[in-house]
Amino acid sequence: MTPRLRVAPSPTGLLHVGTARAALFNWLFARRHGGVFIVRVDDTDQRRSTPEFERRILEGLRWMGIDWDEGVEVGGPHGNYRQSGRFERYREVAGLLVEKRAAYRCYCSPPELAERRKQAQRAGRPPGYDGRCRSMPADEDQRRQEAGESHVVRFALPRPGMTVFTDVVRGEVRFDHQVIDDFVILRSDGSPTYHLASTVDDVDYRITHVARGEDILPSTPRHIQITRAMAAPEPTYAHLPLLHGQDGGKLSKRHGATDVGEYRRQGFLPEALFNYLSLLGWSIGPERTIFSREEAVEDFDLTDVSSSPAVFDPAKLTWMNGEYLRNHLSQAGFAERARPYTEEFLGQSLPDEMWDGCSEVLPLVQERVKLLSEVGPQLAFLLSERIEYDPRSWKKVMSKPGVDAVLTGAIAALSRVEDWRTESVEQTLRDLIAELGISAGKGFQPVRVAVTGSSISPPLFESLAALGRKKALQRLTDARSRISS
RNA sequence: GGCCCCGUCGUCCAGCGGCCUAGGACGCCGGCCUUUCAAGCCGGUAACGCGGGUUCGAAUCCCGUCGGGGCUACCA
């Protein structure tokens, strides 16, 4: 049987890295086993769902290199793959379940429920629904329904009972029905709850493997019971370990960026995020950290997924991104990816000839950045007419004695250079410090700050060469006059 | 509180009864290289939560305990 997997984000927020990781594992499994990967949008919560969130979630998935064979936007045999378009179907199933007495109408009002919950808690009983309407005589139910009384539909969990299933990552798991109440499947406004909609979709779409976060492990017996009541085959479940923040809690905004788009904006490569996320709860094998999508597909299996939670570590992601930037991207590839970030930083689009003017220093920048967003700041001295002096650099380097002489010497020497190239500039400046009898550090740092505005920059001679003689001399002159004033 | 899940360096992962005086990666610390910053190279730091079993032998199996997390809605 062809495996069919899905990820079902709710468009009530941006693409969370936890959702992205779940999507990734489902995708990897589907690709590994020649299965079908589906993206479905769980938008039953119409209050909080928006098309904009949906758009950005799908964009994020695509950006990460996760594609889908069936689902929202790409289509397939099951409509538009949005739950909002299937309410009739959910109501139909709920009706069927009521007919089979696997579900029942409940007329208890929210205030009543709240009151009874409070009482139960005080008395030390479980706070869930007490099942009052489950035993309502048929004629009363009919009368109240016909009278148009507000009601929900609850699932009638088999009692006494127990749901036992084998989770791929956790082994056998069992839940006694005593601790699960008769949960709502259809709200009073006729909309389905997550439990119903998700289960019906998994059944209708013939999902074979449900891999999702461990946070819904306690809901799984409900889904299994609905599935059984529908007389449908049960999918295999795999509950993925949760992603935690540094403080050990479920990963959330307070731990920093949680949405994939934010990582994109910060200049992470999708390949790096993909690689990093796949390593959270899974391993491709001993001694391997960096690997391609294809290699992951070749090796992945849900049975190898670990069952303990993983802390999301931005520092390691950042390291890995640097690794990808310098070792897994050609110079041209790097230039192409860096350009939009650089333009964003400068607040303007760059003419080709200007961007091409960076071609010599760009490879040097490539080996020293960890994020694409760092490229702009490193290149600003080349791309902006005016430079801004970093105050700390200025103070550290330019306020030292002898700087004036160095700059004066550099101006004089460099203005005599006819053939303005990296090598000639280097030779000239090396001759200069020899002549002045000063160290490289003492001689080169003032020139660096004068020309780039910062004590941290790409290599000096290449930078000077790329800047051009005229601009270089101009900046040295400007800096010198700034010192004396 | 109840139910469920989890427990190897600070973090991610390897280990699935002897190959472990526990391995790799990130981080951190030190050194080399060096015009800055990186990168690179070399070295170091650091863990099987605890207590009982089972076994000739346990990080690996069992039980307990402690600790962490999740769920406990007409959210998903």
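So you know, we letter chains A, B, ... as the sequences are listed, proteins then strands, and number each from 1.
- Between A:P309 and A:Q378, it is A:P309 whose nearest contact on RNA chain B lies nearer the 5' terminus.
- Across all strands, A:V152 comes closer than 4.0 Å to base atoms (heavy-atom distances).
- Applying the salt bridge (charged side-chain N to carboxylate O under 4.0 Å, His left out) rule to A:R144 yields the partners A:E140, A:E149; only residues at least two apart in sequence or on another chain are considered.
- Comparing the same atom, C1', in B:rC63 and in B:rU54 gives a spacing of 11 Å after rounding to whole Å.
- Among the atoms of the strands shown, only primed sugar atoms or phosphate atoms (P, OP1, OP2) are found under 4.0 Å from some heavy atom of A:S10.
- When rounded to the nearest whole Å, the span between CG of A:L217 and P of B:rC71 equals 11 Å.
- Among the heavy atoms of the strands, none lies under 4.0 Å from A:L429.
- Note on A:P459: a base of the nucleic acid sits closer than 4.0 angstrom, heavy atoms only.
- B:rG7 and B:rC66 make up a base pair, with Watson-Crick or G-U wobble contacts both under 3.5 Å.
- Pair check for B:rG30 finds B:rC42; Watson-Crick or G-U wobble, both atom distances under 3.5 Å.
- For A:S457 and B:rC37, a side-chain-to-base donor-acceptor distance below 3.5 Å is absent, hydrogens and geometry of angles not being considered.
- Atom name P, nucleotides B:rC20 and B:rG30: the rounded distance is 32 Å, in whole Å.
- Between the P atoms of B:rC5 and B:rG64, the separation comes to 12 Å (whole Å).
- Remark: A:K370 NZ to A:M320 CE distance equals 13.5 Å, nearest 0.5 Å.
- Taking side-chain N and O atoms only, A:R117 has no distance below 4.0 Å to OP1 or OP2 of B:rU72.
- Distance check on atom P: B:rC33 versus B:rU45 gives 23 Å, rounded to whole Å.
- Nearer to the 5' terminus of RNA chain B, by closest-nucleotide assignment, is the contact made by A:V173 (compared with the other of A:V173 and A:R430).
- Atom-to-atom, NE2 of A:H195 to C1' of B:rC71 comes out at 10 Å; the value is rounded to the nearest Å.
- For B:rC13 and B:rA46, the C1' atoms lie 16 Å apart once the distance is rounded to whole Å.
- Spacing between atom CD of A:Q246 and atom P of B:rG69 amounts to 14 Å, rounded to whole angstrom units.
- Comparing the same atom, C1', in B:rA25 and in B:rA47 gives a spacing of 15 Å after rounding to whole Å.
- If you check distances only, the side chain of A:R368 does reach the base of B:rC37 with a donor-acceptor pair under 3.5 Å.
- Following rounding to the nearest Å, A:F175 (CZ) and B:rC4 (C1') show an atom-to-atom distance of 5 Å.
- Here the separation of B:rG43 from B:rG51, taken at their C1' atoms, is 38 Å to the nearest Å.
- Atom pair A:F461:CZ and B:rU34:P shows a separation of 13 Å (rounding to whole Å applied).
- In this structure, A:S188 reaches the bases: a heavy-atom distance under 4.0 Å links it to at least one base atom across the strands shown.
- Within the cation-pi definition used here (under 6.0 Å to the ring centroid, within 45° of the axis), A:R105 does not qualify as a partner of A:Y107.
- The interatomic distance linking A:D247 (CG) with B:rG10 (C1') rounds to 14 Å, in whole Å.
- Heavy atoms only, all atoms of each residue included: A:R154 and A:V184 are closest at NH1-CG2, 3.7 Å.
- The interatomic distance linking A:L186 (CG) with B:rC74 (P) rounds to 13 Å, in whole Å.
- Between A:R326 and B:rG40 there is a side-chain polar atom (N or O) within less than 4.0 angstrom of OP1 or OP2.
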Exercise for review: Let me have a per-nucleotide readout for nucleotides 19-30 of chain B, 5' to 3', with B, S or -, counting only protein heavy atoms under 4.0 Å.
Suggested key: ----SSBS----
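- Between A:K250 and the phosphate of B:rC71, there is a side-chain N or O to OP1/OP2 separation shorter than 4.0 Å.
- Salt bridge present: A:R40 and A:D202 bring a charged side-chain N and a carboxylate O closer than 4.0 Å.
- Donor-acceptor pairing under 3.5 Å is recorded for the side chains of A:T163 and A:Q225.
- Listed pair A:T44 / B:rA76 meets the phosphate criterion, a side-chain N or O lying under 4.0 Å from OP1 or OP2.
- Between A:W282 and A:F300, the ring-plane angle classifies as tilted under the 30° and 60° cut-offs.
- Under 3.5 Å, the side chains of A:R212 and A:T220 contain a donor-acceptor pair of N or O atoms.
- Closest to the side chain of A:S283, out of B:rU72, B:rA14, B:rG2, is B:rA14.
- Nucleotide B:rA59 has no partner under the Watson-Crick or G-U criteria, as no pair reaches both atom distances under 3.5 Å.
- A:G213 comes within 4.0 angstrom of no nucleic acid atom, judged by non-hydrogen atoms across all strands.
- Within the 4.0 angstrom heavy-atom criterion, no nucleotide atom of any strand lies near A:Y276.
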Check your understanding: Checking side chain to side chain donor-acceptor pair (under 3.5 Å) for the pair A:D431/A:Q427: CA distance, chi angles, key distance, verdict?
Key -> CA-CA 6 Å; A:D431 289 347; A:Q427 195 52 57; 3.0 Å; yes
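- Atom NE2 of A:H255 and atom CG of A:D247 lie 3.0 Å apart (nearest 0.5 Å).
- Straight-line distance from the CG atom of A:D215 to the C1' atom of B:rU72: 13 Å, rounded to whole Å.
- Ring orientation note: the planes of A:F175 and A:F165 are close to parallel, at an angle under 30° on the 30°/60° scale.
- B:rG23 and B:rC16 are spaced 14 Å apart, taking the P atom of each and rounding to whole Å.
- Among the heavy atoms of the strands lying under 4.0 Å from A:P110 is at least one base atom, whether or not backbone atoms are also near.
- As judged by a 4.0 angstrom heavy-atom cut-off over every strand, A:H244 is placed among residues touching the sugar-phosphate backbone only.
- Using Watson-Crick or G-U wobble geometry with both donor-acceptor distances under 3.5 Å, B:rG2 finds its partner in B:rC71.
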